[in-house]
2 protein chains.
Amino acid sequence: MGRKPTGRPTSFDIAYAAGVSQPTVSRALRGDRSVSEKTREKIQKIARELNYTVDKNASSLRSQRANTIALLFFEDPTPDESMINPFFLAMLGSITKATADEGLDLLISFQRMEDDWHVQYQDSHRADGLILLGYGDYTKYRERMAQLAKQGTHFARWGSVSSDSSGVTVGTDNVGAGRLAGEHLIAQGRKRIAFLGHADEHYPEFNGRYLGLSAAMRNAGIEPDPALQYDALTTEEEGRAAAQALLDSGADFDAIFAASDLIAIGAMRALADAGRSVPRDVAVVGFDDIPAASMTTPPLTTVMQDIRGAGQILVETLLAQIEGRDLPPRKLPGKLIVRGSSSA
Amino acid sequence: MGRKPTGRPTSFDIAYAAGVSQPTVSRALRGDRSVSEKTREKIQKIARELNYTVDKNASSLRSQRANTIALLFFEDPTPDESMINPFFLAMLGSITKATADEGLDLLISFQRMEDDWHVQYQDSHRADGLILLGYGDYTKYRERMAQLAKQGTHFARWGSVSSDSSGVTVGTDNVGAGRLAGEHLIAQGRKRIAFLGHADEHYPEFNGRYLGLSAAMRNAGIEPDPALQYDALTTEEEGRAAAQALLDSGADFDAIFAASDLIAIGAMRALADAGRSVPRDVAVVGFDDIPAASMTTPPLTTVMQDIRGAGQILVETLLAQIEGRDLPPRKLPGKLIVRGSSSA
DNA sequence: AAAACAACAGTGAACGTTCACATTTTGAAA
DNA sequence: TTTCAAAATGTGAACGTTCACTGTTGTTTT
């Protein structure tokens, strides 16, 4: 009698059909232990028959838990909306999987640094927490991070793991990974190794990779030459320009370690244009292992980041934080993938 | 006096501070015309000061409108979660932009065909509508589509635009695009053009491209040779295998039109391994213009789909449908991008 | 000056859950 | 039986909006 004849069924309809009270339906479907096995089964059966689904909005409103995470990409230099950093796209896949495994929904959004992103999501209860992905000038982020943390926003960030940043960060062990690349090149007999990518503290990830390379070189008794380092952001174009500058300088070099695969691919192009053979004249190692890395000629040797692990740990970390138990920052090891660009 | 001293502010807090009733706050912030300019400004100012944001869950619950769209990827053969079809990833970027422009949130999810995806999103009021992206065997989708449409779910699909499918579909004009590729190859003097990719009606997009190629050939007085068509799904591996099979058959051919760039890239690899020069011995044209297409050696000639337009039109179409006014299916033109793989 | 009408703001309820608490039922111990 | 705690269910309210009305102004019309 109390049932509405039209529209989606609500928990009241299920309750009526099952002959129980409405909150019991809610309890049963949530798996609350205080509902007897028998009635739970009856309720579940009826719910299935009537095609009932819990209304997400009502549920979130009452419980103050959206069971949703927002993934915010932001790149400082965004030339084209559709040209997203391929590495982050791979991360997207892994984060999606991780959230799905936890029964969470995933909202995604691309942001410019200037936007009031924090307001849009957590403040409006759209999401319980944020995952931040972004390259770019780190100093710009820091203030925002601190602000977010103070405001009580839950977030986890992918990037350089250092103690000075607020909030929890998950990232690759860039120094260790850089060392891997350096050791590999040295093992190939290379001694004059150039580094393409920003190496200052504004870009701590790249900086870490540079430090790792330098450490490996010193360890082998080679003093890194600062003249062989050229700035580049992670685009093919900048990689090409940096390599061109390196070539134009007339400096002597027999290897390039690029801070990212896109830079490496651009550099290989410049090398080819200049008639330098890869890997005979110049060995090239990249970073990220994006899909295109295996498709270049020769295929690019690179350091693979643990993307699958990254997504999982980011979600884990964020979830822990939401539930009030903070996990420590985590560093993931890189893995060297040797292909044709660095060895014969 | 009625204010809670703690927690996020609600519209009641704003109302109290502004000396108006709570619904007036709601109206003012929504831009309802029946609020005077003066009070609207006062309310907006106070809201800004108190850092107030409308609670998305309460809003959606009451208005029965989530202002959210769910983007569902699903690929039939999903070898690895992180290996998403690059073309769809590009689409993701454009759809994200389009939804953001409309003030909508975007939920994303990867699905297997078997899942009850429709239930998860629209039924639970998480999203107002769905956008479906997926290659794979079309026949499997059809039943689901029909079911969705009957059930009143709003959705727009990217794919082959044909009259027999239920729901609104947006897609590239595959026949026209295939003709472009064919005409280009013929203009290069090629006569024995192979097609790599499924060409039957289970894969209507690929089929359209094949039909376009055939039409262009016949138009030039060349009869297409069915022996030069080899099945392949859109992966590098299948492309390689198909090209290998073609080579092994001993058939005479001087060009390949691949149904996707991934297939083309795999085919180029097989050609290189077999010592055939591209483009001298065999001209290759792909489809999609994924980022890797410009990074191969030689760079791949391909047909670019209008990704930016696609995202916008998908969102537009879906939105129209949600608002009750159905838009017709749309076909977008492809654009030939000539690179080194097809001309000297 | 009365009537009519906008323009604006207020009132009460409703959206469909989950929560805290009260109440009933159950089964075993006394 | 009676007693009592544990298990199971019911009750009423609350989450923070938006909706449909009702009421109050101030402005125009005749």
Side-chain angles (χ1 to χ4, degrees), chain A residues 2-4 6-44 46-47 50-68 105 122-126 128, chain B residues 2-4 6-44 46-47 50-68 105 122-126 128:
Chain A
R3 290 176 305 172
K4 281 187 307 179
T6 177
R8 278 178 67 243
T10 74
S11 50
F12 283 96
D13 299 307
I14 311 302
Y16 177 85
V20 298
S21 75
Q22 177 268 327
T24 298
V25 172
S26 172
R27 282 191 279 254
L29 295 178
R30 252 177 308 139
D32 189 309
R33 307 270 310 162
S34 75
V35 174
S36 73
E37 196 64 30
K38 211 179 68 187
T39 54
R40 189 208 321 289
E41 272 169 15
K42 178 162 61 167
I43 288 172
Q44 282 174 335
I46 294 176
L50 297 192
N51 238 302
Y52 168 76
T53 322
V54 176
D55 184 300
K56 190 72 191 326
N57 297 312
S59 169
S60 298
L61 171 60
R62 181 61 243 237
S63 66
Q64 301 289 51
R65 191 82 149 55
N67 278 307
T68 301
D105 283 338
Q122 174 146 355
D123 285 5
S124 62
H125 281 193
R126 249 173 274 237
D128 304 315
Chain B
R3 290 176 305 173
K4 280 188 306 182
T6 178
R8 275 179 67 241
T10 74
S11 49
F12 282 97
D13 299 307
I14 310 301
Y16 177 85
V20 298
S21 75
Q22 178 269 329
T24 299
V25 172
S26 172
R27 281 191 280 252
L29 295 178
R30 251 176 310 136
D32 189 309
R33 306 273 309 165
S34 77
V35 174
S36 74
E37 196 63 30
K38 211 178 71 186
T39 54
R40 189 209 320 291
E41 273 169 14
K42 176 161 62 169
I43 288 172
Q44 282 174 335
I46 293 175
L50 297 191
N51 238 304
Y52 168 78
T53 323
V54 175
D55 184 301
K56 188 75 190 326
N57 296 312
S59 168
S60 297
L61 171 59
R62 181 61 243 238
S63 67
Q64 300 291 49
R65 189 80 150 56
N67 278 306
T68 301
D105 283 338
Q122 173 147 357
D123 284 5
S124 62
H125 282 195
R126 247 173 276 234
D128 305 314

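Scope of the values below: all heavy atoms of this structure, side chains included, with no hydrogens, waters or symmetry mates. Lettering follows sequence order; numbering is per chain, from 1.
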### Query
Run the side chain to side chain donor-acceptor pair (under 3.5 Å) check on R65(B) and S63(B) step by step: do they pass?
CA-CA 5 Å; R65(B) 189 80 150 56; S63(B) 67; over 6 Å; no
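At least one side-chain nitrogen or oxygen of Q64(A) sits closer than 4.0 Å to the OP1 or OP2 atom of dG16(D). In this model, the phosphate group of dC19(D) is approached by a side-chain N or O of R30(B) to a distance below 4.0 Å at OP1 or OP2.
Summarising the geometry, the separation between CZ on R8(B) and P on dC15(D) is reported as 13 Å, rounded to the nearest angstrom. One can place NZ of K56(B) at 17 Å from C1' of dC15(D), the figure rounded to the nearest angstrom. In this structure, Y52(B) atom OH and dG16(D) atom C1' are separated by 7 Å, rounded to whole Å. Distance OH (Y16(A)) to P (dG16(C)): 18 Å, rounded to an integer number of Å. Per the geometry, CG belonging to N67(B) stands 13 Å off C1' belonging to dT17(D), to the nearest Å. Atom CG of D32(B) and atom C1' of dA9(C) are 11 Å apart (whole Å). Here the P atom of nucleotide dG16(D) and the CG atom of D55(B) are 7 Å apart, to the nearest Å. When the C1' atom of dA7(C) is taken as reference, atom CD of E37(B) falls 14 Å away, rounded to whole Å.
Annotation: of the two residues near DNA chain C, V35(B) and N57(A), the 5′-most nearest-nucleotide partner is V35(B).
Each of dT17(D), dT9(D), dC19(C) was ranked by its minimum atom distance to the side chain of S36(A); first place goes to dT9(D).
For S36(B), the side chain to side chain donor-acceptor pair (under 3.5 Å) test picks out T39(B), with sequence neighbours left out. Residues passing the side-chain contact (heavy atoms from CB on, under 4.5 Å) test with R62(B), sequence neighbours excluded: none.
At distances below 3.5 Å, not a single donor-acceptor pair connects side-chain atoms of K42(A) with backbone N or O atoms of E37(A). A distance-only check finds no donor-acceptor pair linking the side chain of T24(B) to the backbone of Q22(B) [under 3.5 Å]. The backbone N or O of N67(B) sits less than 3.5 Å from a side-chain atom of D128(B), completing a donor-acceptor pair. The closest donor-acceptor contact from the side chain of N57(B) to the backbone of H125(A) lies under 3.5 Å.
Interface residues of residues 18-25 of chain B facing DNA chain D, ordered by number: Q22(B), P23(B); criterion, heavy-atom separation under 4.0 Å.
Among the protein residues, R27(B) comes within range of the nucleic acid bases, having at least one heavy atom under 4.0 Å from a base atom. When heavy atoms are screened at a 4.0 angstrom cut-off, T39(B) is found touching the sugar-phosphate backbone but no base atom.
In this model, no side-chain donor or acceptor of R62(A) finds a partner on the base of dG16(D) within 3.5 Å.
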